[in-house]
Amino acid sequence: MKKNLLTLFTCVGVSLLSHAQISEGGIPTSFQKTLVDHTNPFDAAYQTHQLLAPDMEAVHLEDAENDEKGKPYRVGINIPVSYNMLNSGTWIELPNGDKIWRMGIRIPDATGLSLYFSSPVQIPVGGKLHAYNQRHSQYVGAYTSNTPTFQSMEIIQGDVLTLEYFMPAGSLELPVLEIHEIAYYYRGFEARLADFANAGEISEERTHGSCLVDANCAEGSAWTAQRDAVVHYSFVAGGTYVCSGSVVNNTDNDCTPYILTANHCGEPNASSDITNHVWYFNYQRPTCVPGNTSSYPGALSQTMSGGMFRASSTLGTHTATVTNDVDGSDFALIELNTSIPLAYDVYYAGWSRSTTAATSGVCFHHPSGDEKKVSTYTSALVTDTYNSGWANAHWRVTWASTTNGHSITEGGSSGSPIFNQSGRIVGHLSGGSSFCSTPTAPDLYGKFEKAWVSDGSTNSSQLEPWLDPGNTNATTLDGTYAPCGPVAPIAQFTASAT
């Protein structure tokens, strides 16, 4: 039946839209308990691809070496495949003429799985695409003709992922859907996925260090706007890795969705390098549980994917000359392809390009790919050089002990912003030597003011053309929530009695 059904369909192209993984919601059709002649048609078996797990002993050895060197934090191994709706999956037809296509993927012992597509996914009118785990406790979608196209899908819990497509009766058009890689996740997302897995307690060795402080602890209570600017994201660089970043404001105050992060997180220099980025917003615990290792409900599926390359230090004039160094101030600026939904309640962070060191402040970040944490400093930043790179292009910070811990940073925190005492970004994390075992060891943040115009001479190596499009020459800018609007002019005049 599958062969006959598919030969009736024609694959008609859909106009190319921008890449943003924003779903319409709703449960997959097969979750319904539809009875036909006292049977449930969705109980029928469907094709599931069984793949071999990676050699995890070799993976862990590689990670141990790379983590020690401060390289980006790997969370997944990418497995090449070639699956589409013509060579994989199983169709069923319902009595009303609607059709359902399902395809499973199983890789033993995976914490989670996600999909990467060779071209933008495009859904015909009336179609609905979902993905879900084996327990049906997590599902994403529906992705429809109204969904801007995307080339990567957020992580689904467990070692079995099902992709499901609903085709309405009378439709003759298949989606454009070509899977070319599957990410096998083995670390970094345990806390986010634990509730979907009904995992209960998470062993401490599989999560962040116990000294770290939740973003919603008292230490972050005066910085909630800055907290709402910080995002967690995954990217592809051979395998799947994670870093942190921040949504930043520009002098037009128009909510352009710029994200500032570290260049060493994939070293992007073209939009094609960002195709498979997945951005996770508001990934944080709702309450403060010092030293927490337990699961919690409500890991939000507020995601977007892809983006447009704008600028990075890799295209500047201070590129690294030795291994384990960073290019220039180690910045990358990415613009998302569509506006960030208002429901995400994102803060567009302000910034300062002052050369004066901040006296105190915080950093929000995602250590080891985990929930958002807050780190606090109470002594002034100090100018420093990252390894043997560009002299004096970084800020050195020493974290302070606070009520609920002594936060540090870890792999996955790279790219996170450091805010000054006025709540403005002054740097982005390159790396450092702080650990829970050595909490007073320093970390180094690329200077925002160096990234402004000093990293290079072109638009693709500077922040200024993008964050000050009106050439206002502003040295500082406050942040804002959406909806955005132009900054009100300030009256600067004098008057006299005459």
Do [X] and [Y] get their side chains close enough for a donor-acceptor pair, meaning under 3.5 Å?
{"X": "Q138", "Y": "N133", "answer": "no"}
{"X": "D443", "Y": "Y377", "answer": "no"}
{"X": "T376", "Y": "E219", "answer": "no"}
{"X": "E410", "Y": "S368", "answer": "yes"}
{"X": "S416", "Y": "S413", "answer": "no"}
{"X": "S460", "Y": "T458", "answer": "yes"}
{"X": "Y347", "Y": "R227", "answer": "no"}
{"X": "Y185", "Y": "T240", "answer": "no"}

Nearest 0.5 Å please: distance from the [atom1] atom of [X] over to the [atom2] atom of [Y].
{"X": "H394", "Y": "L429", "atom1": "NE2", "atom2": "CG", "answer": "8.5 Å"}
{"X": "N249", "Y": "L260", "atom1": "CG", "atom2": "CG", "answer": "12.5 Å"}
{"X": "Y116", "Y": "I182", "atom1": "OH", "atom2": "CD1", "answer": "11.5 Å"}
{"X": "I77", "Y": "Y184", "atom1": "CD1", "atom2": "OH", "answer": "9.5 Å"}
{"X": "L444", "Y": "S430", "atom1": "CG", "atom2": "OG", "answer": "7.0 Å"}
{"X": "N250", "Y": "E335", "atom1": "CG", "atom2": "CD", "answer": "9.0 Å"}

Can you say whether the rings of [X] and [Y] are parallel (under 30°), tilted (30 to 60°) or perpendicular (over 60°)?
{"X": "H318", "Y": "W390", "value": "parallel"}
{"X": "H366", "Y": "H232", "value": "tilted"}
{"X": "Y233", "Y": "H277", "value": "parallel"}

With a 4.5 Å limit on heavy-atom distance, are the side chains of [X] and [Y] in contact?
{"X": "M308", "Y": "I274", "answer": "no"}
{"X": "P367", "Y": "T409", "answer": "no"}
{"X": "I79", "Y": "I107", "answer": "yes"}
{"X": "Q284", "Y": "V230", "answer": "no"}
{"X": "V397", "Y": "L381", "answer": "yes"}

**Message:** Less than 6.0 angstrom from the centroid, inside 45 degrees of the normal: does R192 satisfy that with respect to the ring of Y283?
**Reply:** yes

**Request:** Start with the C-alpha distance between I408 and C211, add both sets of side-chain angles, then the distance that settles side-chain contact (heavy atoms from CB on, under 4.5 Å), and finish with yes or no.
**Result:** CA-CA 8 Å; I408 44 85; C211 69; 3.7 Å; yes

Which heavy-atom pair separates [X] from [Y] by the least distance, and what is that distance?
{"X": "K447", "Y": "T383", "result": "NZ-OG1, 2.9 Å"}
{"X": "I425", "Y": "S246", "result": "CD1-OG, 3.4 Å"}
{"X": "S414", "Y": "A262", "result": "C-CB, 4.4 Å"}
{"X": "E181", "Y": "V236", "result": "OE1-CG1, 4.3 Å"}
{"X": "T398", "Y": "T440", "result": "CG2-O, 3.4 Å"}
{"X": "V75", "Y": "G188", "result": "CG1-CA, 4.0 Å"}

Side-chain donor or acceptor of [X] paired with backbone N/O of [Y] under 3.5 Å:
{"X": "R353", "Y": "A474", "answer": "yes"}
{"X": "D228", "Y": "A225", "answer": "no"}
{"X": "S407", "Y": "V213", "answer": "yes"}
{"X": "S313", "Y": "D327", "answer": "yes"}
{"X": "D159", "Y": "D109", "answer": "yes"}
{"X": "D330", "Y": "G446", "answer": "no"}
{"X": "R396", "Y": "T385", "answer": "no"}

**Item:** Presence of salt bridge, K373 and D214, under 4.0 angstrom
**Value:**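 A salt bridge links D214 with K373.
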
**Prompt:** Are the aromatic ring centres of Y280 and F189 under 6.0 angstrom apart?
**Reply:**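 Distance test on ring centres: under 6.0 Å, yes.
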
**Y241 and H264 aromatic centres sub-6.0 Å** =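 No, ring centres 6.0 Å or more apart.
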
**Prompt:** Could you walk me through whether L336 and T338 pass the side-chain contact (heavy atoms from CB on, under 4.5 Å) check?
**Reply:** CA-CA 6 Å; L336 302 182; T338 59; 5.7 Å; no

**Request:** Could you list all the salt bridge (Lys or Arg N to Asp or Glu O under 4.0 Å) pairs where at least one residue sits in residues 448-477, not counting sequence neighbours?
**Result:** none

**Prompt:** Given M153 and Y143, is the side-chain contact (heavy atoms from CB on, under 4.5 Å) satisfied, shown in steps?
**Reply:** CA-CA 11 Å; M153 185 171 284; Y143 305 114; 3.9 Å; yes

